[in-house]
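Below you'll find the structure, written out as structure tokens, and then a few comments.
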Amino acid sequence: MSKELPKAYEPKNYEDEIYKKWEDSGLFNPDNLELEKGADYFSVSMPPPNVTGVLHLGHALENSLMDTEVRYQRMRGKKTLLVPGTDHAAVATQAKVEKVLLAEGIANPRITLGREKLLERVREYSENSKATIIKQIKKLGTSCDWSRLAYTFDEARSTAVNEVFIKMYNDGLVYKGYRAVNWSVKGQSTCSDDELVYVEQKTKLYTFKYSKDFPIAIATTRPETKLGDTAVAVNPKDKRYKKFIGKIFTVEIGAAKPLKIEIIGDDSIDMNFGTGAVGVTPAHSMIDFELFLKHNLILIPVIGADGRMTADAGITYQGLTVIEAREKMVAWLQENSLMEKEEEIIHSIGTSDRFGDVIEVIPMEQWFVNVNKEIPGRKKSLKELMREAVSVGHNGDPKKKIAITPDRFNNQYFHWIDNLRDWCISRQIWWGHRILVWSKSHNVERITHITYFVHGTTTDNEKEIATGWLDGELSDLGKKQAIELGEKIQEQKFDVVICSDLKRAVDSAKLMFGEKYEIITDKRLREANYGDYNGKKHSFKNNLTDYISQSFTNGENYFDVQKRITEFLSEAMDKYAGKKIAIVAHQAPQLALEVVLKGKSWAEAMNEDWRRKKAWQPGWNYDLEKLVYVSSEAPQGEGWNQDPDTLDTWFSSGLWTFSTLGWPAHAKASVGKPERLGDLAKFHPTSWMQMGYEILFFWMARMILMSTYVLNDIPFKNVYIHGILRDKDGRKFSKSLGNGIDPIEVINQYGADALRLSLILGITPGNDARFYEEKVEGARNFINKLWNISRYILSSQKEAKLPIGSLASYNLTLADRWVLGEMRDLIKNYHEDLENYRFSQAGERLREFTWNSLADWYLEASKFEKSEIKAEILEMILTDLLKLWHPFIPFVTEVIWQEINPGKFLMVEKLPSPTSLQSFLQPLPASPAASGFGTPLLIRRGDGGEVVAANFNLVIDIITAIRNARAENKVEPGRKIKAVIYAGKATDLLKSQEAIIKGLRTGIEELEIKAKGEELSDAIYAVAGGVEIYLIGAVDAKKEKVRIEKEVANLEKLIKNLKNKLANKEFVDKAPQEIVKNEKDKLENYRSELEKLEKQVKNL
RNA sequence: GGACGACUAGCUCAGUUGGUUAGAGCGCUACAUUGACAUUGUAGAGGUCACAGGUUCGAAUCCUGUGCCGUCCACCA
């Protein structure tokens, strides 16, 4: 088999073609892999690139790491899946498109275009971007399953988002609240705490008093917000101010109304900082807002969503920007001699990471995820779930513990969790998943009033039998209850009486209201349908909350009840506007009213005391003013409006590991006991996740939150944190610096393999790395080397092959044994490195073996010695080497592989295992006889006999010593000389290596090897591994003397150090015997070498 | 203010549990061009492992402190 390959590897000529072959083969899809039965699953969800543009080098790094890991696992025979995808990146993408539109001359895109048209433009942009990104991922060689391509904004992913939002809402974890939020005036949207970028700025810190007679001075960098101050906080232990706590001062500083400033005591105040007192502006500071909640203060917003001062700020300030207002306020304080101090300080201010403007804290009604509230039925908060997954494992199960590499990021993660506030999830931009909250309201004059009665008890009720839709009779007690209730409410007037169509409700209504009213029945007011549970003795008291979102078998869940009640109410709102309605029905619908009209969660409603103590009471009153309904579709009926806000983009990213694996379609139940099917059952939790530390909190934390909450499982088992790439000077890559490098251009110039290798070599987990062209060049050079090694090996193949399986029964040369031993060590270390995510080290090792051991020594040696199965060994090594390299540089290895094995794919070959060479090679324990020859190998022959061989390293040392001695003596490279070697015990061995010693660039024409002999003068002299070498007839006495003296000096130094060490009694006594012996042996070797050299100096 | 990381050859970085004459790649110096490869080969120079203490028979490695650079978090009233 003789192959003709081009002299240099040209990636351009192969890469696209190879990727297409891979894709067409279907092998990226684990369903198509032919694997052993019971093969492990291995899955990775690709961190989805934002559709804000094209891929940058950071993505290339991620793809390289990810694909190396994935290909490694695939080649270990695992059922391997890498799911590709992209992220709609809500704010980022809209901000980007708005910028483009501005450049096009559309001054205010949101107003000019409106919601639908703007969204169309964003969609168009993102689709283009998506297409480009996919092409780029393919260029990088990433082996992902395109049949499972996902997008955070596609239908399946949107369904997942909707379902989770609804679930959280129903669990009472999502709430709408009026709270201080981060507001970008430029973007006209909120952002979460994590989306702030802090910028250091010089600012003035003003110390002043509100009025001349106000007893406490306060300091601020934001005087304009002081128009909304409602308190001054001091430390309760502060002797200076203690006496004022509780007092209220009225001051006039120019706001619309005089400010009532209450002095409050709070432990959080640092007495020693500034004046020791804080002016509290609840509306415009996160901290102050918390003081506002804690101390029940007043809140006065003085800055509006437009970034200008509000009417409450006073006529002088209204409509001014904050900067203008600040100047005015400062001037006013100065004029009135209230300013005590002005000093310049440096402090950091929060800016929007997407819009770039300074963030204002403004109180607004927004949606939040409550991270501290107990999740119904779980006895834990989201925060606790998030902490647990990384500390002790999910639900305390150590098998469900997420391992972060490097583990120092654990602490950072825990610290972040400790400081986590409720997550503001609503955004006022349009590009994103719209919040699924529908509302319908009436104006105040037309409010419908509802008085709700629960029917009298039935026999089943009394026996604690679940009744549901069973139509039981009222018991005697029930009749009595209804009659008594009727008497109690005699005075009340209603316009309409409506009851459920079940008998117990109708009968109760009749007994209560007699003939006074016409009684209308409505099916929608029925009790919850308990399905199979009907007629059975119930145990609702303890575990009713379990059924909140889990359906009763063949029945309903409570949200089904909520749905029909909402529809009923929506209709009632229109039909009976302004009227008074009496409803006689059951318990579940009543709870639904608490939920729908009082804004309670089901869990809260169910846990209220009245349920336990007294079910029957004379009516609950509700105002049917506003209906809120959470659902992926608008409820039936007229007049429903959807919340205009969209969800934080990280809400959808948090679901990524399971929304890409078919959730919720592949999960039968969504809560409690999620039954998993399909991909979800096989591939979740995912095996591995890789991300930059800069999105640890954004993303990793949210994936953990979502997965533990929704699936009751961790999202991934291992997280590999990588650093960020920097340019040659250590600067971040950024548009403004103009130092960006387009990965595709690098690929065009050097090839994808070279780019990948240059990104992976020299990196360590969690640390930043620099990227520069020389690195890629080096990688390209290496790949070309590998190409040429292959070229040489392929050209040296014979037509007829000997069976390689019986290798051990052939006579192997010293070099053969050596290279096979090196290979065995390489394979072992390679697996160890990769199992511990030491990608760089595994790569370095491979390069070391390939370039040094194989190319520089073994291949060179093979030119000068012919063993009977040299060709087979070479091919075996090449085959294994291609496999080992494949995860790193998939293209070139696959190209070469297919030259050897047409029609077969390297990407699904099985990696050599650490034991695959063990059958005929194993290390022999070091013995005295073998010392000085490196680690000898035991060769087990086919006939069962054993042969001990000295290591090839001795030959290497001798050759290197000869080359060195020649070069130092300035012997012209072309000049052929004679060498005499006194080899002692190694004589026979070296005689067998004559051809190699002569051939490998030593320029030796005549070689004499004997055990020992006379000292030769007029020769270049060298010692290597105890063997003496004389090079005859080329000595430059002067140079040789200098060289040997240098070596002598070096040896003397080493000997001195060793002697001192061994003279130290403590060392000899305390150090392990092995070490001591080693040192002694070393000393002996040095001494004998020194002796020889010293003699030789005299001969010169 | 708190936490974390980095400080090793001219440059970029390895160095896994303390024991090697401290390594690699690039760069540099000298030399080499008869077919695997000049995207190459051979040889070489180059380091007080930031500093100061300590633990230890033994420290680049462990501890303490200092310096310098960087990152994150909190605060900046």
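Below, chains carry the letters A, B, ... as their sequence lines are ordered, and counting in each starts from 1.
Picking from B:A43, B:U40, B:A36 the nucleotide with the shortest atom distance to the side chain of A:Leu859 gives B:A36. Residue A:Ile789 places its side chain closer to B:A36 than to any other of B:U40, B:A36, B:C37. Side-chain atoms of A:Ile345 lie closest to B:C76 of the nucleotides B:A36, B:U21, B:C76. Considering only the side chain of A:Thr764, B:G15 comes nearest among B:U12, B:G15, B:U40. Residue A:Ala1071 places its side chain closer to B:G19 than to any other of B:G19, B:U40, B:A36. Residue A:Ala8 places its side chain closer to B:U39 than to any other of B:U39, B:C72, B:A36. If you check B:C37, B:A14, B:G25 against the side chain of A:Tyr772, the one that comes closest is B:G25. In this structure, of B:G41, B:A24, B:U20, it is B:G41 that holds the atom nearest to the side chain of A:Asp856. Distance from the side chain of A:Asn1064 is smallest for B:C57 among the nucleotides B:C76, B:C31, B:C57.
OP1 or OP2 of B:G44 has at least one side-chain nitrogen or oxygen of A:Asn964 nearer than 4.0 Å. For A:Arg791, a side-chain nitrogen or oxygen approaches OP1 or OP2 of B:C37 to under 4.0 Å. Dashed line: the shortest gap from a side-chain N or O of A:Arg1001 to OP1 or OP2 of B:U42 is not under 4.0 Å. The side chain of A:Trp851 contributes an N or O atom lying less than 4.0 Å from OP1 or OP2 of B:G41. The side chain of A:Lys785 places no N or O atom within less than 4.0 Å of a non-bridging phosphate oxygen (OP1 or OP2) of B:C37. Residue A:Lys775 places none of its side-chain N or O atoms closer than 4.0 Å to OP1 or OP2 of B:C26.
Here B:C72 presents its P atom at 15 Å from CG of A:Asn767, a figure rounded to the nearest Å. A:Lys1070 places its NZ atom 14 Å from the P atom of B:A59, with the value rounded to the nearest Å. One can place CG of A:Asn1057 at 17 Å from P of B:G19, the figure rounded to the nearest angstrom. Atoms CD (A:Glu10) and C1' (B:C37) sit 14 Å apart, rounded to a whole Å. The separation between A:Arg845 atom CZ and B:U16 atom P is 12 Å, rounded to whole Å. One atom, CD1 of A:Ile724, and another, P of B:G70, lie 13 Å apart when rounded to the nearest Å. The CG-C1' distance, from A:Leu1054 to B:A22, rounds to 14 Å in whole Å.
With A:Ile359 as reference, A:Asn182 is the one residue of A:Asp353, A:Val197, A:Ile349, A:Asn182 to meet the side chain to side chain contact (heavy atoms under 4.5 Å, CB included) rule.
Among the heavy atoms of the strands, none lies under 4.0 Å from A:Asp288. Within 4.0 Å (heavy atoms only), A:Thr275 reaches no atom of the nucleic acid at all. Looking at heavy-atom distances under 4.0 Å, A:Gly778 makes no contact with the nucleic acid at all. Among the atoms of the strands shown, only primed sugar atoms or phosphate atoms (P, OP1, OP2) are found under 4.0 Å from some heavy atom of A:Ile287. Contact annotation for A:Arg408: backbone-only contact, meaning every heavy-atom pair under 4.0 Å involves sugar-phosphate atoms and none involves a base. Using a 4.0 Å heavy-atom cutoff across all strands shown, A:Lys1053 reaches no nucleic acid atom at all. Within 4.0 Å of A:Ala233, counting heavy atoms only, lies no atom of the nucleic acid at all.
Checked for salt-bridge contact, A:Arg421 and A:Asp193 meet the test: a charged N lies under 4.0 Å from a carboxylate O. Ion pairing of A:Lys1080 with A:Glu1084 is absent here, as no side-chain N (NZ or NE/NH1/NH2) approaches a carboxylate O to less than 4.0 Å. Salt bridge A:Arg847/A:Glu844: present, at least one basic N to carboxylate O contact under 4.0 Å.
Comparing the same atom, C1', in B:G47 and in B:C7 gives a spacing of 14 Å after rounding to whole Å. Atom C1' of B:A59 sits at a distance of 14 Å from the matching atom of B:U48, rounded to the whole Å. If you take atom P in B:U71 and the same atom in B:C13, they sit 15 Å apart, rounded to whole Å. Taking atom P in both B:A45 and B:A38, the straight-line distance is 28 Å, to the nearest Å. Comparing the C1' positions of B:C11 and B:C51 gives an interatomic distance of 23 Å, to the nearest angstrom. Using atom P as the reference point in both B:U16 and B:G23, the two lie 14 Å apart (nearest Å). Comparing B:U61 with B:A22, their P atoms are spaced 14 Å from each other, to the whole Å. When the C1' atom is compared between B:A60 and B:C49, the two are found 5 Å apart, to the nearest whole Å.
At a cut-off of 3.5 angstrom, counting only N and O atoms as typed in the model, there is a donor on one side and an acceptor on the other between the side-chain of A:Lys863 and the base of B:A36. Counting atom types as modelled, A:Arg838 pairs a side-chain N or O with a base atom of B:U16 as donor and acceptor under 3.5 Å. Interface remark: the A:Glu968 side chain does not form any donor-acceptor pair with the B:A30 base, using a distance-only criterion of under 3.5 Å.
A:Leu57 is listed as a side-chain neighbour of A:Leu755, based on a closest heavy-atom distance under 4.5 Å.
Paired runs in RNA chain B that reach 3 or more consecutive Watson-Crick or G-U pairs, where each pair keeps both distances under 3.5 Å, cover B:1-5 with B:69-73, B:10-13 with B:23-26, B:28-32 with B:40-44, B:50-54 with B:62-66.
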Apply side chain to side chain contact (heavy atoms under 4.5 Å, CB included) to residues A:Phe839 and A:Ile763 and explain how you reach the verdict. CA-CA 8 Å; A:Phe839 297 101; A:Ile763 61 157; 5.6 Å; no
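Taking the ring axis of A:Tyr1086 as reference, the NZ or CZ atom of A:Lys1059 does not stay both within 45° of it and closer than 6.0 Å to the ring centre.
Using cut-offs of 30° and 60° for the angle between ring planes, the A:Phe409 and A:Tyr693 rings count as parallel.
Summarising the local packing, CD of A:Glu344 is surrounded by more than 12 heavy atoms from other residues, nucleotides or ligands at distances under 6.0 Å.
Every residue meeting the side chain to side chain donor-acceptor pair (under 3.5 Å) condition with A:Arg222, not counting sequence neighbours, appears here in chain and number order: A:Glu224, A:Glu360.
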